[in-house]
Amino acid sequence: MGAAMRRIHMGNALSAFGLGFTVPYLYVYVAQVRGLGAMTAGLVLAVFAVAALVVLPFAGRAIVRRGPLPVLLAALVTAALGALILGVASSAAAVLVSASLLGAGQAVMQPALATMIVDCSSAETRSRAFAMQFFLQNLGLGVGGLIGGHLVDTTSAASFTLLFAIEAAMFLLLVVVMATVRMPHAPRIEDAPVASGRGSWKQLLGNRAMVQLCVLGFVLFFACYGQFESGLSAYGVEAAGISTSALGTALAANTLVIVVAQFAVLRFVERRRRSRVIAAVGLIWAVAWAVAGYAGLGHGSQEMATAAFVSTYALFGLGEAMLSPTVAPLVADLAPEGMAGQYNSAFALVKQLALAVGPAVGGPLGASLHAPYIVAFLLFSLGITFLAVRLGRQLTEAQDQPWLAKSRVVARGGAPVSADV
């Protein structure tokens with residue numbers, strides 16, 4: 001990989017490391033350490049989602065007009081400011097304002113970094129680049145959460161101030177690192193008319209394959225990431241009697257599978273149809289939900305229930321490792337020339353919607369209606385398979401299996417082989 005891609009991957013790792021430092025402890029910090037109560041803590045988590053939903057529709061247009069690097073630098077400074085204020089905030093108003101800055105900055109980083117990966121990669125290297133991004137994000141989150149957990153002290157607000165200061169320092173360090181990136185030339189819409197934002201969204205919504213991918217993406221994030229720390233964990237505690245330490249083990253198993261299996265999985269999926277890989281993920285996740293059903297409804301021993309619950313998270317990790325080199329490159333390949341930023345932002349917006357709706361629906365359902373919860377999300381997983389197969393009918397050969405399309409172009413354009421060789 002080139003110098004630009006190395007810096008981009010460093011940016012992904014450092015931003016994830018900073019997030020891992022603070023995100024797991026936000027609720028405790030606001031509700032207990034600052035003494036602002038559970039209601040304010042819940043509002044802070046909601047503000048993160050709302051801020052992302054507000055800024056992402058504009059982020060895509062900004063990336064198209066200005067390029068991903070200036071947008072990323074602005075997002076990093078905004079997030080650093082939010083983290084610094086959050087570390088010293090003692091009132092509900094200050095906490096909510098800082099959370100909105102931090103949430104907006106974090107949300108814009110995702111499509112900006114994804115667009116930089118698109119601009120610095122080719123069709124042949126894109127899957128591996130996004131697989132590396134996902135690997136480093138999970139590694140950064142895991143390491144950040146582990147170190148942050150040893151630094152915090154719920155009896156000391158100063159320990160949390162240090163935590164948020166380190167997160168802000170990570171973002172500012174990223175500003176320095178990313179400012180040195182030399183981006184290759186990519187098409188930009190510099191002199192777009194005022195109505196171009198509306199027109200670009202209209203163009204995106206007219207792309208049937210992209211609309212179907214967004215619907216599929218919503219179900220993917222709703223049925224997986226939207227349940228990790230809400231519905232599925234509530235179900236594990238209430239239905240399966242899972243302890244908090246076992247829940248931590250399950251989350252660690254998910255990250256471990258991703259980190260260990262990512263590049264082995266990459267070799268398997270990069271030569272297969274993208275739509276079929278996504279369809280296979282739906283089937284794997286359906287098995288995961290069935291295993292979760294056994295954990296809470298199978299009337300086995302507590303040891304068996306715990307093992308099944310941990311296996312559920314591991315199976316989700318396997319599916320995630322298959323999606324990382326598949327979905328993001330597909331978004332990029334569906335985007336018209338110069339519009340990758342708009343498409344990445346639209347898909348990030350769909351992800352944020354799913355992550356906002358998922359816990360709201362799954363949390364109460366998983367805590368009280370155990371069997372309906374499992375059945376519903378098993379069906380959602382099978383729905384992923386159905387939607388992926390349907391999406392495959394809308395994709396061109398180059399979009400669904402780019403490696404095959406490339407090999408055919410080379411075969412047609414290559415020099416003829418001499419008869420006496």
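If you're wondering where the values come from, they're calculated on a predicted model, not measured in any experiment.
Note: Q399 CD to M210 CE = 11.0 Å, rounded to the nearest 0.5 Å. Between atom OG of residue S275 and atom CG of residue L387 there is a gap of 12.0 Å, rounded to the nearest 0.5 Å. Atom CE of M339 and atom OG1 of T115 lie 11.0 Å apart (nearest 0.5 Å). One finds the CG atom of L172 at 12.0 Å from the CG atom of L14 (value rounded to the nearest 0.5 Å). Considering CG of L113 and CG of L174, their distance stands at 8.0 Å, rounded to 0.5 Å. Note that CE of M5 is 9.5 Å distant from CD of Q133, once rounded to the nearest 0.5 Å.
A donor-acceptor pair is defined here as one N or O able to donate and one able to accept, closer than 3.5 Å; such a pair exists between the side chain of Y373 and the backbone of L232. Put simply, the side chain of R272 gets close to the backbone of F268: a donor and an acceptor are under 3.5 Å apart. Here the side chain of S100 pairs a donor or acceptor atom with the backbone of V97 at under 3.5 angstrom. Side-chain atoms of Y235 come within 3.5 Å of backbone atoms of A292 as a donor-acceptor pair (strictly under, hydrogens ignored). Side chain of R66 to backbone of V71: no donor-acceptor contact under 3.5 angstrom is found. In this structure a side-chain-to-backbone donor-acceptor pair under 3.5 Å is missing from S98 to I85.
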Side chain to side chain donor-acceptor pair (under 3.5 Å) evaluation trace for R34 with S90 | CA-CA 6 Å; R34 290 299 180 184; S90 57; 5.5 Å; no

Passes side-chain contact (heavy atoms from CB on, under 4.5 Å), L220 versus W285? Steps please.
-> CA-CA 10 Å; L220 281 168; W285 286 357; 3.7 Å; yes

Determine, step by step, whether E167 and L102 satisfy the side-chain contact (heavy atoms from CB on, under 4.5 Å) criterion, reporting the C-alpha distance in whole Å, the side-chain angles of both residues, the deciding distance to 0.1 Å, and the verdict.
-> CA-CA 10 Å; E167 181 181 31; L102 184 56; 4.1 Å; yes

Please report the C-alpha distance between T312 and W289 in whole Å, then the side-chain angles of each, then the deciding distance to 0.1 Å, and finally whether the side-chain contact (heavy atoms from CB on, under 4.5 Å) criterion is met.
-> CA-CA 7 Å; T312 298; W289 284 108; 5.8 Å; no

Test side-chain contact (heavy atoms from CB on, under 4.5 Å) applied to F222 and V357, step by step | CA-CA 7 Å; F222 176 78; V357 175; 3.9 Å; yes

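Contact annotation: the side chain of F386 never approaches that of V219 to less than 4.5 Å [non-hydrogen atoms, C-beta and beyond]. Contact check for L73 versus M178: side-chain heavy atoms found under the 4.5 Å cut-off. Looking at F347 and F218, their side chains never come closer than 4.5 Å, going by heavy atoms from C-beta outward. Between Y343 and L204, some side-chain heavy-atom pair lies under the 4.5 Å cut-off. Here the side chains of Q352 and Q110 are in contact, with some heavy-atom distance below 4.5 Å. Contact of the L213 side chain with the L334 side chain is registered, since non-hydrogen atoms from C-beta on lie closer than 4.5 Å. Between L283 and L382, the closest side-chain pair of non-hydrogen atoms falls below 4.5 Å. For the pair L76 and L72, the minimum side-chain heavy-atom distance is below 4.5 Å.
Only one option out of I278, V327, V281, L266 pairs with M322 in a side chain to side chain contact (heavy atoms under 4.5 Å, CB included); it is V281.
Closest approach of L395 to A209, counting heavy atoms only: CD2-CB, 4.1 Å. Taking both residues in full, the closest heavy atoms of L349 and P57 are given as CD2-CG, 4.1 Å, listed atom of the first, atom of the second, then distance. Of all non-hydrogen atoms in A354 and F221, the two that sit nearest each other are CB-CB, 3.6 Å. Considering every non-hydrogen atom in both C120 and I8, the closest pair reads SG-CD1, 3.8 Å. Closest heavy-atom contact between P329 and S324: CD-O, 4.0 Å. Contact detail for M109 and A79: the closest heavy-atom pair is CE-CB, 3.5 Å.
Residues forming a side-chain contact (heavy atoms from CB on, under 4.5 Å) with L256 (at least two apart in sequence, or on another chain): V260. Residues satisfying the ring pair (Phe, Tyr, Trp, His ring centres under 6.0 Å) test with F134, not counting sequence neighbours, are none. R126 meets the salt bridge (Lys or Arg N to Asp or Glu O under 4.0 Å) test with D333; sequence neighbours excluded. For T78, the side-chain contact (heavy atoms from CB on, under 4.5 Å) partners at least two apart in sequence or on another chain are L101.
Ring geometry, Y313 versus F316: the interplanar angle exceeds 60°, so the pair is classed perpendicular (tilted spans 30 to 60°). Using the six-membered ring where Trp is involved, F164 and Y29 have ring planes that are tilted, between 30° and 60° apart.
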Throw together a table of side-chain donor-acceptor distances under 3.5 angstrom for residues 48-56, partners on residues two or more places apart or in other chains.
none

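Counting only residues at least two apart or on different chains, no ring-ring contact (aromatic ring centres under 6.0 Å, His included) pair has a member in residues 72-98.
Other residues, nucleotides and ligands place more than 12 heavy atoms under 6.0 Å from the CZ atom of F263.
With salt bridges taken as basic N to acidic carboxylate O contacts below 4.0 Å, one links R273 and D400.
Side-chain atoms of E320 and N254 form a donor-acceptor pair, as typed in the model, at a separation below 3.5 Å.
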